[in-house]
Structures are given as C-alpha cells and as structure tokens.
Amino acid sequence: MKRRNIILDCDPGHDDAFALLLCCYSEKLNLLAVTTSAGNQTIEKTTKNANNLLHFFNKENIPLAKGSSSPLKRKILTCPEIHGESGLDGFNFPLYEEKYDSKEGYQLIIDTVKNNKDVTVITTGPMTNLALALLHAPEIKNNIKEIVLMGGSTKEGNMTKEAEFNILVDPEAADICFTSGVPLRMLGLNVTRQILVTDEVIAKASKIETRGADLFVKLMKVFNDNQRKFFGLSAGPLHDPATIISLIDEEVFTFIDMQVKIDTSDTEKVGKTICLKDKPYNTKVAVNVNIERYWENIFEHLRRCK
Ligand code: BDR
Ligand code: CA
C-alpha cells in the first residue's frame, strides 16, 4: 500500500496529541515532519509537548521544528482553561532529550514539500506556519496535494458566537490558506463537537492495556473536567484526530463542496468561516460523522501504541 505523505502542524494540546498518535501508528500515512504552532499554549510549551509525544510514540527521529511564536498580525491567544499550564496537563512524561530541527517551522514545511511528492499538510492549530510557508515560497502550492484542517464551523463558534479557536487566533493566516488555490478539507466544530469523550468512551479505553490507552485515559480525564467547567459541555469533544481519521477511513465523514471565506474584520464576526453552497468551491467541508466508527479508529490505534 502506498502511504500518503503528510506533515502535521499542531499545538499539543490534548486532542492534538491523539492526532499525532494516529499519524505515528497508521500504516496508511508517512509522517515526514512535525511543526508546532502557538495556540493551546505558548510556542515553547507546545513544542516541548510535541517532542515528548514523539519520544513516547518512539518516533523521535521525525524532524520537529518550532513554529512562529505569534500570529501574523494579532496578539497571541492561548487556552490554559482547557489544556492547563503545560498545555498537556494530566500526564507526566519521563525526562526525554529535547531534539529540535534547526529550521523554523515554516521553513521545514517548505523544504519537506519541495523534497517530496504530493504532500498533504494537516493543521490542528492556528494556520500561521503554513501561511508563512505559502508567503515565502508560493511555488510549493503545486506540490501540496491537500490542506486538511481542524478549524472553523458551518454553524456557531466556540470562542465567540461566530468563531472557532484555531481560526480566531490567526484569521489572516487562515485567509491566506483558504485563498491559496490548494484544495482544502475542513473538519469544523459542526462535526467535531458531536465526538464526545463520554464516560463510556473512557471506560472502553481503560480496558485497552497499552501505553497509548493509558495516555488517553489520563489526558482525557483532565480535558473533560476542563471542557465541562469552561464550556459547560457534557463531555470534551475530541476535535483534532478528525483530520487524520478522514484520511485513513473514508467512511467516517461526509463532505460537501463549499466556498469558504474567512472573516478578517475587526468586528465581533472576526474568525468566522463563511461557508457557502452553490458557489465555485475551494473546500470540502465535513457535514456528517459516523461517531461509532470514529471511536473504532481511535481504539484501534490506541491498541497499536504498546
Ligand atoms: C481547536 O482548538 C484547540 O483548543 C483544540 O486543540 C482544537 O484544535 C478546537 O476549537
Ligand atoms: Ca489543536
């Protein structure tokens, strides 16, 4: 089977951690590089978390580069209310060696895309690094097969009435990506907020006796408590792995072609993903999810992380 070449740009982050786990353990994917964004926590913290996770998954040889410490034009927003002071509260990693690529995140994206064929770039945090890569080297567009993102919503937001966190943090970067001409696939809150880490999900994961399942159960307990306190949700939504699951199992999500625009105004609508049907489209937007099958994919990959 030919593996799909991918780069993961992420801000771990409890849900990002399991997007990365899927990238590391799926036989359908070839993880070429990991870059970090500032979002759930500061760039220092998300980068340290990504390094810990790569070591934990025995993939410390995959190039990891620190991304931009702030959005293109706005002040950085972080989310300790959900992800804690470390950005990954709930699990204590052993003391691993800190191993980073000397390039900046956007440069690692550029070089990796140039040195490989048909690369899919997945973003599970603010889109700053990918936007910088597209600004510095527009020619890489031809080598990017697809941009797959967790972000936005066809309905309401989570940080404001209109906006989802990843897009709100850096709307200008999202706008650059959505107007780049590269095919996009968007997994937004309208589907990811249906994927809840219920007590039943945690109970099932607890029965899987692997290191991956232990990581999941410990992190999700903290994530769930915080989601309940902060958003008043019944359980935490496991947003970011949706990107990867859409690549490894075509049966989980249904997509509709839409024209998606980003609101970059300085109004209360900033960060909104305006999704229009029946217009020339730029994005495949997820509109439906098979929740049971989503969890089967998660559990299967937790089993592989022995
Ligand atoms: C997104 O924001 C972050 O807090 C999560 O990791 C996810 O990428 C959900 O709005
Ligand atoms: Ca994220």
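We count residues from 1, following the sequence as given.
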Using modelled atom types and a 3.5 Å cut-off, is there a donor and acceptor pairing between side-chain atoms of [X] and backbone atoms of [Y]?
X	Y	answer
K306	R211	no
T36	G67	yes
Y294	L238	yes
D240	D16	yes
D101	P63	no
R3	L29	yes
N51	E97	yes
N5	L31	no
Q259	P280	yes
T267	K269	yes

Would you check if [X] and [Y] make a side-chain contact, meaning some heavy-atom pair closer than 4.5 Å?
X	Y	result
F255	V287	no
N288	V191	no
V270	T264	no
R74	P171	yes
N166	L149	no
D15	T124	no
R185	S246	yes
I43	T46	yes

**Request:** For E27, enumerate each residue passing the salt bridge (charged side-chain N to carboxylate O under 4.0 Å, His left out) test, keeping only those at least two apart in sequence or located in another chain.
**Result:** R304
Within this structure, what is the [atom1]-[atom2] distance for the pair [X] and [Y], rounded to the nearest 0.5 Å?
X	Y	atom1	atom2	result
E164	N190	CD	CG	10.5 Å
I110	N115	CD1	CG	11.5 Å
Q41	I76	CD	CD1	9.5 Å
D199	N224	CG	CG	7.0 Å
I245	S26	CD1	OG	10.0 Å
I122	L247	CD1	CG	5.0 Å

Decide whether [X] and [Y] are clustered together by the hydrophobic rule: side chain heavy atoms of Ile, Leu, Val, Met, Phe, Trp, Tyr closer than 4.5 Å, transitively.
X	Y	answer
I62	I248	yes
I195	I82	yes
L276	I262	no
V252	L21	yes
V148	V285	no

**Request:** Show your working on side-chain contact (heavy atoms from CB on, under 4.5 Å) between S37 and T128 and close with a plain yes or no.
**Result:** CA-CA 7 Å; S37 49; T128 319; 5.5 Å; no
**Complete:** In F299, F216, F57, the residue satisfying ring pair (Phe, Tyr, Trp, His ring centres under 6.0 Å) with F18 is F216
[X] [atom1]: over 12 foreign heavy atoms closer than 6.0 Å:
X	atom1	answer
E139	CD	yes
E200	CD	no
E60	CD	yes

For [X] versus [Y], what's the shortest heavy-atom pair and its separation?
X	Y	answer
L130	T123	CD2-CG2, 4.1 Å
G152	T273	CA-OG1, 3.5 Å
G151	I167	C-CG1, 4.0 Å
L132	S68	CD1-CB, 4.1 Å
A213	I208	CB-O, 3.1 Å
E85	P80	OE2-CB, 4.0 Å

**Message:** Determine whether the aromatic ring centres of residues H55 and F93 are separated by less than 6.0 angstrom.
**Reply:** no
**Item:** Ring center gap for F91 and F56 short of 6.0 angstrom
**Value:** yes
Compute whether any side-chain donor of one residue and acceptor of the other, for [X] and [Y], lie under 3.5 angstrom apart.
X	Y	answer
N61	K99	yes
R4	T120	yes
E98	Y100	yes

Check residues 6-14 and write down every donor-acceptor pair under 3.5 Å in which the side-chain atom is one partner and the other belongs to a residue at least two apart or another chain.
residue: D9; atom: OD1; partner: T35; partner atom: OG1; Å: 2.6
residue: D9; atom: OD1; partner: N129; partner atom: ND2; Å: 2.8
residue: D11; atom: OD1; partner: N40; partner atom: ND2; Å: 3.4
residue: D11; atom: OD2; partner: N40; partner atom: N; Å: 2.8
residue: D11; atom: OD2; partner: N40; partner atom: ND2; Å: 3.4
residue: H14; atom: ND1; partner: H83; partner atom: ND1; Å: 3.1
residue: H14; atom: NE2; partner: D89; partner atom: O; Å: 2.7

Check [Y] with [X], please: is the shortest side-chain N to carboxylate O separation under 4.0 Å?
X	Y	result
K218	D214	yes
K284	E146	no
R293	E296	no
E44	K66	yes

**Asked** Just one of N158, L189, L196 clears the side-chain contact (heavy atoms from CB on, under 4.5 Å) bar with P237, so which one?
**Response** L196
**Message:** Could you walk me through whether K28 and M1 satisfy the side-chain contact (heavy atoms from CB on, under 4.5 Å) test, starting with their C-alpha distance in whole Å, then the side-chain angles of each, then the deciding distance to 0.1 Å, before giving a yes or no?
**Reply:** CA-CA 7 Å; K28 297 185 180 169; M1 181 197 312; 3.5 Å; yes
**Prompt:** Can I147 and S180 be said to form a side-chain contact (heavy atoms from CB on, under 4.5 Å), step by step?
**Reply:** CA-CA 10 Å; I147 297 168; S180 66; 4.2 Å; yes
**Item:** Audit row: D249, N297, side-chain hydrogen bond (donor to acceptor under 3.5 Å, both in side chains) steps and yes/no
**Value:** CA-CA 8 Å; D249 184 352; N297 275 282; 3.0 Å; yes
**Audit row: K103, D111, side-chain contact (heavy atoms from CB on, under 4.5 Å) steps and yes/no** = CA-CA 10 Å; K103 290 172 194 158; D111 293 349; 3.1 Å; yes
